[in-house]
**Student:** 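The structure under discussion is supplied below as structure tokens; questions concerning it will follow.
Atoms considered below: every heavy atom in the structure, side chains included; atoms not considered: hydrogens, waters and symmetry mates. Because the structure is a prediction, the values reported are computed rather than measured.
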Amino acid sequence: MMMEMSKILKKQDEKHDWAYLILFLTVLFLFGIQDAVQDDLKIFQYLDEAFGLLIVPAFMLRWYQKSISCRISRRQALFITLFAVFWLSGWVGVLQYHYQPMANVLKDAYVALKFFLTMGASYLIFREIRDFRWMEKKLWYAANAATAVLTCFCILDLMFGLFYTETRYGFPAIKLFYSSYTALVAVCCVLCAIYLRLYERYRNKILIPLAFLFFVMMNTKRVKAVGAMLCIFVIYMYAFHRGKKISRKIWIPALICAVIAVGSMVWQLIYYYYQLGYESARLIMTIAAPYITKDYLPFGTGWATFGSAFSAEPYSPVYTMYGMNVVWGISPTYHQFISDTFWPMILVENGVLGLAAYIGALILLILRILQFRKRNASVFASAIFPILYLLIASSSESAFVNPLAVPFAFWIGFLFAEDYRNLQMEKSV
């Protein structure tokens, strides 16, 4: 009787695990196509916001199941405090200056939380999975299928020009069916994070699909793709080959690639921030940010006023007050590059206090991920890479508030849930 009961419970757990796996793959698929179809299907514009809101039903479900409690650690309390300081500092500017309508303010205030809410929702959803290793084989086949599709389309595009491309550095830049080159890089990076998680089981087998993804990313001709590949190599060596002797056949080519990667990133920064001069929207916003912040110390101008997508329509008066309304890419009639920065946006909207609190919260998150290595190096490598990639991307896009950051957050939450299970197993031994 007991044997039959355990079999029934095991089957129920497997059904739940299947549901979790399908949910995760759905996230990857939907965000892979979101930017390509959201202009035609308006509902896709709010897809990333919807995943952040999943934290409410997920929390209620776990509370009902009595699998969570309100007790929090000192680290968690500090994280919540820092993030509260960051978020409330944006409201001080809103209440004091009233630069933007409340609809824009509410949207921007929520988007600032979206990455962390999605991460929390994913953690609550996946923390009840009994056996994460059961999902590894399924993720391996799913990731390989996605990698094969991207690689085949990339080769066909290079051969026959299936999709519109621009020329960069004298070569075609590939973006496939996505609306931006950054979107393709982000999708490849999510797949790279999955492969890092699968290292312990598949080891050298992951090098082949990673090489295919590197091929696709290199053909986007984007510097952040080069930076992402460099990050993967460094994480790979630190997590899986730390303390081991590395042969010249590996470290010499790696050193050459690292020099190329760093050189490319430095050149990109010089080009956008200096060579273009006052024709660069990114440069203007970066230079103006400290001056604006100084005038609004210590909190900032408030939500939806600078650098965010919601500061464009209606047009934020902050741009006009500081003469940025005549800059190409920031002007009221053409503001395509208005959200091309991240840290200047945080600095101006939330002030020095808000920026310091946000950086502090990110540092705590990274320190927590560093603890993963004690229990599972693959989980650590897979979780730290998305954070490093988003930090690289923050130099040229809205990074942590970008819709493409949501799959990264969902994956990190999944890994937090796995680490929670690993910790519970350690305690039970």
**Student:** Quick one: does Arg197's side chain have a donor or acceptor within less than 3.5 Å of a partner on Ser382's backbone?
**Tutor:**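 No; judged by distance alone, with no hydrogens or angles, the pair does not exist.
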**Student:** Once you round to the nearest 0.5 Å, how far does CG of Leu162 lie from CD1 of Ile155?
**Tutor:** 12.0 Å
**Student:** If you define the side chain from C-beta out and look only at heavy atoms, does anything of Leu362 sit under 4.5 Å from Phe116?
**Tutor:** yes
**Student:** Among Val94, Val318, Asp295, find the residue that satisfies the side chain to side chain contact (heavy atoms under 4.5 Å, CB included) test when tested with Thr301.
**Tutor:**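 Exactly one candidate clears the test, Val318.
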**Student:** Report the relative orientation of the aromatic rings in Trp87 and Trp91; use parallel for angles under 30°, tilted for 30 to 60°, perpendicular for over 60°.
**Tutor:** perpendicular
**Student:** Please determine whether the number of non-hydrogen atoms from other residues, nucleotides or ligands lying under 6.0 Å from atom CD of Gln76 exceeds 12.
**Tutor:** yes
**Student:** Take the angle between the ring planes of Phe59 and Trp63 and call it parallel below 30°, perpendicular above 60°, tilted in between.
**Tutor:**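 Answer is parallel, since the angle falls under 30°.
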**Student:** Look at the rings of Trp328 and Phe337 and say which category their plane angle falls in: under 30° parallel, 30 to 60° tilted, over 60° perpendicular.
**Tutor:**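 The arrangement is tilted - the two ring planes meet at 30° to 60°.
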**Student:** Which class fits the ring pair Phe79 and Phe83: parallel under 30°, tilted 30 to 60°, perpendicular over 60°?
**Tutor:** parallel
**Student:** Answer whether the closest heavy-atom distance between the side chains of Phe86 and Leu353 falls below 4.5 Å.
**Tutor:** no
**Student:** Mind checking whether Met218 and Met229 have side chains closer than 4.5 Å, heavy atoms only?
**Tutor:** yes
**Student:** Out of Leu156, Leu158, Leu150, which residue meets the side chain to side chain contact (heavy atoms under 4.5 Å, CB included) rule with Cys154?
**Tutor:**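 Option passing the side chain to side chain contact (heavy atoms under 4.5 Å, CB included) with Cys154: Leu158.
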**Student:** Roughly how far, to the nearest 0.5 Å, is the CD1 atom of Ile55 from the CG atom of Leu117?
**Tutor:**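 One gets 5.0 Å once the value is rounded to the nearest 0.5 Å.
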**Student:** Got Val216 and Ile174 here, is their nearest side-chain heavy-atom distance under 4.5 Å?
**Tutor:**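 Answer no - side chains too far apart.
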**Student:** When you check the gap from the basic side-chain N to the acidic O, do Arg222 and Glu166 get nearer than 4.0 Å?
**Tutor:**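 A salt bridge is present here (some side-chain N lies under 4.0 Å from a carboxylate O).
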**Student:** Is there a side-chain contact between Tyr97 and Thr305 (heavy atoms, below 4.5 Å)?
**Tutor:** no
**Student:** What I'd like to find out is whether the side chain of Asn350 reaches to under 4.5 Å of the side chain of Trp303, using heavy atoms alone.
**Tutor:** yes
**Student:** Is the ring pair Phe408/Tyr389 parallel, tilted or perpendicular, if the boundaries are 30 and 60 degrees?
**Tutor:**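 It falls in the tilted class, 30° to 60°.
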**Student:** When the ring planes of Tyr322 and Tyr296 are compared, do they come out parallel, tilted or perpendicular, using 30° and 60° as the limits?
**Tutor:** tilted
**Student:** Taking only Lys NZ, Arg NE, NH1 and NH2, and the carboxylate oxygens of Asp or Glu, determine whether Glu128 and Arg421 approach each other closer than 4.0 Å.
**Tutor:** yes
**Student:** For the residue pair Tyr123 and Phe416, does the interplanar ring angle fall in the parallel (under 30°), tilted (30 to 60°) or perpendicular (over 60°) class?
**Tutor:**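 Correct class here is perpendicular.
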**Student:** Could you tell me which non-hydrogen atom of Ala228 sits nearest to which non-hydrogen atom of Ile392, and how far apart they are?
**Tutor:** N-CD1, 4.3 Å
**Student:** Does Tyr358 have more than 12 heavy atoms from other residues, nucleotides or ligands lying within 6.0 Å of its OH?
**Tutor:**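 Counting other residues, nucleotides and ligands, OH of Tyr358 exceeds 12 neighbours.
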**Student:** Do the side chain of Ser331 and the main chain of Tyr334 share a donor and acceptor less than 3.5 angstrom apart?
**Tutor:** yes
**Student:** Salt bridge or not between Glu397 and Lys224? Use side-chain N to carboxylate O under 4.0 Å.
**Tutor:** yes
**Student:** Can you name the closest pair of heavy atoms from Arg375 and Asp419 and give their distance?
**Tutor:** NE-OD1, 2.9 Å
**Student:** Side chains of Ser378 and Phe240: closer than 4.5 Å at any heavy-atom pair?
**Tutor:**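 They are in side-chain contact.
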**Student:** Would you say the side chain of Ile206 lies within less than 4.5 Å of the side chain of Trp140, judging by non-hydrogen atoms?
**Tutor:**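 A side-chain contact exists here, since the closest heavy-atom pair is under 4.5 Å.
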**Student:** Do any N or O atoms from the side chain of Asn376 and from the backbone of Val379 form a donor-acceptor pair under 3.5 angstrom?
**Tutor:**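 Side chain of Asn376 to backbone of Val379, a donor-acceptor pair under 3.5 Å: yes, one is there.
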**Student:** For Tyr238, is the NZ or CZ atom of Arg373 found under 6.0 angstrom from the centre of its six-membered ring and inside 45 degrees of the ring axis?
**Tutor:** yes
**Student:** Can Lys175 and Asp157 be counted as an ion pair, charged N to O under 4.0 angstrom?
**Tutor:** no
